[in-house]
Amino acid sequence: MQTVTLIPGDGIGPEISDAVTDILKKAGAQIEWDIQTAGADVLEKEGNPLPERVINSIKKNKVALKAPVTTPIGTGFRSVNVALRKTLDLYANLRPCKNIDGIKTHFNNVDIVIVRENTEDLYAGIEKQIDNDTVEGIKLITRKASTRIVKFAFDYAVKNGRKTVTAVSKANICKLSDGLFLECAREVAKNYPKIEYKEILVDNLCMQLVQNPEKFDVLVLPNLYGDIVSDLCAGLIGGLGIAQGANIGTDTAVFEPVHGSAPDIKGQNKANPTALLLSAIEMLKYIDQYEVALKIEKALNKTISEGTVLTADLGGSASTKQYTEEIIKNL
Ligand code: NAI
């Protein structure tokens, strides 16, 4: 039995969390949930959307499943998501993008894993006003962060039976910064002779992704390119409703869907729990509960490919509860 922190979030978060924990329980996952609320409601009650108890719970349990939380607008609080990544040093953003049978997209057989560096690059937030008409932003690339993210990508490839890791850069223009990223990637690649190592420029990658996405496997990218390319790939497989993600550090991981708290459909029993469920499946693989993960994956794929009980965003008319029960029936 593994204890996992569950952050049910707000907006549609609690509804999709209930759906996912129900499915995991019925599938036989060996998990005890340590439920920790965070987000807008918690800000009202506790004066902080991400209280210390949530961080302490994740530090203790090392693994968390997180539903979306609303970022309060107009308060001094930074996003809970950014705060979690920084506080726990979750340096790798993992975004598997795989076609699901039954969801119509322009391509079939997309099965790409994006590994995005999460801590530096232009997102380090080092900006300076030079004068009224000029702002300078620093693109920070370090050997330490580049080496550990590429190593993460190769280790992921080995653990998950992947064949190729492609390092993405714009080293033809950003010769020093992206040049250092590539130098680190080449060094790390030497330690993984069984995994093929490739390089590609980010503009060329974008063109090829919208022409032949099937040919890409694991991609490793600095922060900014990773942010943009991961959303492009989410679009390739059908968009937000099925886009999963995870933020992973040395010994701690937070699994979460890409979408937000969807306040427009909150409490209406309409939300699609698939992205959170896919995040939970990835979490089960991470904690080595592979069999349960594959069982749920199969039931989910069956439900979607049959296409009779789907939520509205997937073109159906089922409620969150009906869709959840159908997946449980297909386990
Ligand atoms: P959003 O992703 O919440 O919603 C965009 C649109 O997609 C809405 O029409 C919504 O109804 C729909 N949608 C999203 N998820 C859905 C689901 N599972 N099933 C069915 N429909 C779904 O993005 P928005 O409106 O920009 O953000 C709302 C709040 O969420 C903001 O406070 C934002 O800061 C927060 N947010 C939180 C994230 C996180 O916790 N990881 C990530 C992104 C946004």
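All of these numbers come straight from a predicted model, not from anything done at the bench.
- Under the 4.0 Å criterion applied to side-chain N and carboxylate O atoms, E325 and K329 are not assigned as salt-bridge partners.
- Contact check on K45 versus D41 returns no salt bridge, with no Lys/Arg side-chain nitrogen under 4.0 Å from an Asp/Glu carboxylate oxygen.
- No more than 12 heavy atoms of other residues, nucleotides or ligands sit less than 6.0 Å from atom NZ of K98.
- Formation of a donor-acceptor pair under 3.5 Å by the D178 side chain with backbone atoms of K170 is found in this model.
- Here the options are N81, T5, N247, the test is side-chain hydrogen bond (donor to acceptor under 3.5 Å, both in side chains), and the partner is K66; only N81 passes.
- Using a cutoff of 4.0 Å between basic side-chain nitrogens and carboxylate oxygens, R162 and D217 are scored as salt-bridged.
- Distance check, rounded to the nearest 0.5 Å: CD1 of I55 to NZ of K59 gives 6.5 Å.
- The residues D18 and K321 are annotated as not salt-bridged, no charged nitrogen and carboxylate oxygen being separated by less than 4.0 angstrom.
- Counting non-hydrogen atoms of neighbouring residues, nucleotides and ligands closer than 6.0 angstrom, the CZ atom of R143 reaches no more than 12 such neighbours.
- Classification of the Y91-F152 ring pair by plane angle, with boundaries at 30° and 60°, yields perpendicular.
- With salt bridges taken as basic N to acidic carboxylate O contacts below 4.0 Å, one links D288 and K159.
- Ion pairing between a basic and an acidic side chain is recognised when a charged N comes within 4.0 Å of a carboxylate O; R186 and E183 show no such pairing.
- The only option from V115, I114, V218 that meets the side chain to side chain contact (heavy atoms under 4.5 Å, CB included) definition with L94 turns out to be V115.
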Practice problem: Report the C-alpha distance between V168 and V229 in whole Å, list the side-chain angles of each, state the deciding distance to 0.1 Å, and finish with yes or no for side-chain contact (heavy atoms from CB on, under 4.5 Å). | Solution: CA-CA 10 Å; V168 184; V229 171; 5.6 Å; no
